[in-house]
Amino acid sequence: MNINPSLIGLGLFFAIAQAPVFAAVVPGHDGSATEGRAFAIQACGACHAVIPGQRPRNPPVAAAPDFKAVANAKTTSAIGLHAFLVTPHQTMPNIILSDDAREDVIAYILSLRSKK
Ligand code: HEC
């Protein structure tokens, strides 16, 4: 699964640049992975494999990484995901999520992380 390195760099850049802001925002609301899963199937499932092993419903031209791969990427963190989901990106549409939906989706993605 290809994860665009420049994107990770961008995510890290924002994570670092905005760290104080996110530090204030992220711990405030613990997202619900269960709600995030249901939401992500609807909102993200056209392009991303939201459930491990399942195919996206309607993959666009550019391949969207499956959420399990995102969860297991070394650079993935709640703050990085937060940064990604509140900043513009090239190929993924800029979906506007409510704060709650965003934190739920982040909780769900991180719940896919393989236990070591
Ligand atoms: C129309 C297709 C589409 C939809 C809908 C979509 N995405 Fe994406 N997403 C992409 C594509 C394509 C990429 C890879 C290119 C990029 O990052 O811009 C991507 C990348 C990502 C990444 C970065 C992965 C990484 O670390 O490189 C995350 C996180 C993500 N999407 C989350 C979501 C979430 C959460 C939703 C639902 C709220 C969603 N996406 C909905 C197409 C989509």
Side-chain angles (χ1 to χ4, degrees):
M1 186 51 59
N2 281 336
I3 294 179
N4 182 345
S6 66
L7 201 130
I8 293 168
L10 187 72
L12 282 176
F13 170 77
F14 278 105
I16 292 162
Q18 312 270 337
V21 180
F22 291 128
V25 172
V26 173
H29 169 79
D30 278 335
S32 154
T34 313
E35 281 176 34
R37 180 178 183 275
F39 177 81
I41 289 169
Q42 299 279 325
C44 327
C47 306
H48 291 273
V50 169
I51 315 266
Q54 278 190 11
R55 305 200 140 272
R57 279 195 306 274
N58 181 24
V61 182
D66 74 64
F67 279 4
K68 192 170 167 60
V70 173
N72 285 296
K74 278 208 173 64
T75 48
T76 294
S77 65
I79 287 176
L81 288 172
H82 197 281
F84 178 84
L85 293 173
V86 296
T87 50
H89 5 273
Q90 289 193 317
T91 36
M92 186 172 124
N94 297 314
I95 302 166
I96 309 296
L97 302 176
S98 72
D99 289 353
D100 278 0
R102 190 173 54 242
E103 298 316 320
D104 290 348
V105 167
I106 291 171
Y108 171 64
I109 292 176
L110 294 178
S111 79
L112 298 177
R113 215 167 239 184
S114 306
K115 313 263 182 295
K116 299 226 173 80

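We count ligands from 1, going down the list as the structure has it; atoms in each ligand are counted the same way.
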Exercise. Can you check whether Q42's main-chain N or O pairs, donor with acceptor, with R57's side chain at less than 3.5 Å?
Worked result: yes
Exercise. By side chain to side chain contact (heavy atoms under 4.5 Å, CB included), which residues pair with E35, not counting sequence neighbours?
Worked result: S32, D104
Exercise. To the nearest 0.5 Å, what is the distance between CG (L97) and CD1 (I106)?
Worked result: 8.5 Å
Exercise. Mind checking whether atom 8 (Fe) of ligand 1 has an N, O or S of C47 under 2.8 Å?
Worked result: no
Exercise. Could you state the interatomic distance from OG1 (T76) to CZ (F84), rounded to the nearest 0.5 Å?
Worked result: 10.5 Å
Problem set entry | R55, CZ atom: more than 12 neighbouring heavy atoms under 6.0 Å | no
Exercise. Measuring from the heavy atoms of A46, does anything fall under 4.0 Å of ligand 1?
Worked result: no
Exercise. Which atoms of ligand 1 have any heavy atom of L81 under 4.0 Å away?
Worked result: 29 (C)
Exercise. Quick one: which ligand 1 atoms are inside 4.0 Å of a heavy atom on V70?
Worked result: 24 (C)
Exercise. Less than 3.5 Å between some nitrogen or oxygen of H48 and one of ligand 1, yes or no?
Worked result: yes
Exercise. Do any heavy atoms of A73 fall under 4.0 Å from ligand 1?
Worked result: no
Seminar exercise, completed: For V105, the ligand 1 atoms with a heavy-atom partner under 4.0 Å come out as 35 (C)
Problem set entry | ring-ring contact (aromatic ring centres under 6.0 Å, His included) involving F67 - partner list, sequence neighbours excluded | H48
Exercise. Taking heavy atoms and a distance under 4.0 Å, where does T75 meet ligand 1: side chain, backbone, both or neither?
Worked result: neither
Problem set entry | Residue part near ligand 1, for C44, under 4.0 Å between non-hydrogen atoms | both
Exercise. Does V86 offer a backbone N or O that forms a donor-acceptor pair with the side chain of R102 under 3.5 Å?
Worked result: no
